[in-house]
> 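First, the structure itself, so that you have it in front of you.
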Amino acid sequence: MPLSVDRRRALATISSLVAAPFLATRLGRAGEAWPIRAVKYVNGFPAGGATDTLSRVLCQKLSELSGQSFVVENKAGAGGVLGADSIAKAPADGYTVGLGGIASNVLAIGSYAKLPYHPRNDFTFISGMWQLPNILTAKRDLFSSDLKELLAAFKKAPGKYTYASAGFGTTLHLSGEMMNSMAGVEVRHVPYRGAAPALNDLLGGNVDLLFDNLPGSLPSVRAGTIRPVAVTAKQRIKELPDVPAFAELLPGYEMTSWAALIGPANMPGDLVAQINALTAKALNDPWVQQRYGDLGATTWPTNPQEVTAYRDSEEARLLPIMKAAGIKPEGGAQ
């Protein structure tokens, strides 16, 4: 028997009511804001170093702005490669992001014969985070902290002196090899699993020199427990106006560390836009800018296209320098 108009309307109404929760759930999930739960931020270097301090400042502000926790997980090893690899292999849902940049996404190419990820294609580059120079410091009882005197002594005694870094293939390692190459000296590299243990060994007198990101060594320099030698920026920096730049004695010498917020490849564009906007808001916050400035870093908000293009340009610039400095890809970093 044909259904009456009223019965058809009633059944349609019931069907719509039954389907409504399902449709609402699907629409809600598709359009939900990010983040709705805690976000893991992976840092490929140990706690206590410059990247850790800067990352935690940013994550604190991201937590305040979003109302969700941004939890820093330190996954150290291979100059940031192990941490970057864990990001590359995470779900592309925005709940695992972290530290990328010059070490894991550029210098690793020239340092390791085999990487567990592709430095460009296996990531989504979300935003720049910061830029900062490196600094060369000396243990307190080294015979001098004058750059010119040190370089002269290094020439007379090849292999006698040592410099520590946060790991093979980092900007700190490259800073030392650029010094060796451009000055015609041989100072032995002692790699550590991060900047904090390297600094501890410099404080203990177990190594002669340390290349470090400025934020990591600045407190010890100010306290007088280590002595500054030179910075890797193009010119002297306002935080240490009496400390020379390498370029004053070695024209053309420059090395700036930069960090990017990255996630796994193939993150949805609208999700990337949300994360980028929140990151920019955090980096433009006066408190974050002041904290970064106190540490010698500069906030560096960018859009995804800008930071991706910058990575590409740094690869083109730095890999030939690494080759000229005698840094050859060795082993694997799996």
> Donor-acceptor pair, Asn276 side chain versus Thr302 backbone, under 3.5 Å?
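The answer is yes, because a donor-acceptor pair under 3.5 Å joins these two groups.
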> Are Val185 and Pro158 side-chain neighbours, meaning at least one heavy-atom pair lies under 4.5 Å?
no
> When the ring planes of His189 and Tyr163 are compared, do they come out parallel, tilted or perpendicular, using 30° and 60° as the limits?
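It falls in the parallel class, under 30°.
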> Would you confirm whether Ser144, through its side chain, and Leu150, through its main-chain N or O, come within 3.5 Å as a donor-acceptor pair?
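Side chain of Ser144 to backbone of Leu150, a donor-acceptor pair under 3.5 Å: no, none is there.
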> With sequence neighbours left out, write down each residue that passes side chain to side chain donor-acceptor pair (under 3.5 Å) with Lys148, or none if nothing qualifies.
none
> Apply the side chain to side chain donor-acceptor pair (under 3.5 Å) test between Ser257 and each candidate in Asp212, Asn213, Thr232; give the one that qualifies.
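That would be Asn213.
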> Does any donor atom in the side chain of Tyr192 or Asp201 lie under 3.5 Å from an acceptor atom in the other side chain?
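Present: a donor and an acceptor within the cut-off.
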> Under a 3.5 Å threshold, yes or no: a donor from one side chain and an acceptor from the other, between Ser69 and Ser63?
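Judged by distance alone, the side chains do not pair up.
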> Please report the C-alpha distance between Phe154 and Leu209 in whole Å, then the side-chain angles of each, then the deciding distance to 0.1 Å, and finally whether the side chain to side chain contact (heavy atoms under 4.5 Å, CB included) criterion is met.
CA-CA 12 Å; Phe154 298 159; Leu209 303 154; 3.4 Å; yes
> Should the pair Arg236-Glu248 be classified as a salt bridge under the 4.0 Å nitrogen-to-oxygen rule?
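Glu248 and Arg236: salt-bridged.
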> Evaluate the ring planes of Trp34 and Tyr95, with Trp represented by its six-membered ring, and classify them as parallel (under 30°), tilted (30 to 60°) or perpendicular (over 60°).
tilted
> So how far is it from Ser217 OG to Leu210 CG, rounded to the nearest 0.5 Å?
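Interatomic distance, Ser217 OG to Leu210 CG, rounded to 0.5 Å: 4.5 Å.
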> Please check this pair: side chain of Ser86 against backbone of Gly83, looking for a donor-acceptor N/O pair closer than 3.5 Å.
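Yes, because the side chain of Ser86 sits within donor-acceptor range (under 3.5 Å) of the backbone of Gly83.
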> Does Asn105 reach the main-chain N or O of Pro119 with its side chain, forming a donor-acceptor pair under 3.5 Å?
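Side chain of Asn105 to backbone of Pro119: a pair is present.
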> Does some side-chain heavy atom of Pro241 sit less than 4.5 Å from a side-chain heavy atom of Ile237?
no
> Please tell me if the side chains of Pro304 and Val272 come closer than 4.5 Å, counting only heavy atoms from C-beta onward.
yes
> Are Lys61 and Glu64 within salt-bridge range, i.e. N to O under 4.0 Å?
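Salt bridge between Lys61 and Glu64, a charged N being under 4.0 Å from a carboxylate O: yes.
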> Mark yes or no for whether Ser165, through its side chain, and Leu172, through its backbone, hold a donor-acceptor pair below 3.5 Å.
no
> Mind checking what makes side chain to side chain donor-acceptor pair (under 3.5 Å) contact with Asp312, not counting sequence neighbours?
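In terms of side chain to side chain donor-acceptor pair (under 3.5 Å), with neighbours along the sequence ignored, Asp312 is linked to Arg120.
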> Checking the side chain of Ser55 only, and the main-chain atoms of Asp52 only, is there a donor and an acceptor separated by less than 3.5 Å?
no
> Would you confirm whether Arg193, through its side chain, and Ala78, through its main-chain N or O, come within 3.5 Å as a donor-acceptor pair?
no
> Is it possible for you to check whether Arg188 lies under 6.0 Å from the centre of the six-membered ring of Tyr161, through NZ or CZ, and within 45° of that ring's axis?
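No, Arg188 does not sit over the ring of Tyr161.
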> Report yes if some heavy atom in the side chain of Val307 is under 4.5 Å from a heavy atom in the side chain of Ile126; otherwise report no.
no
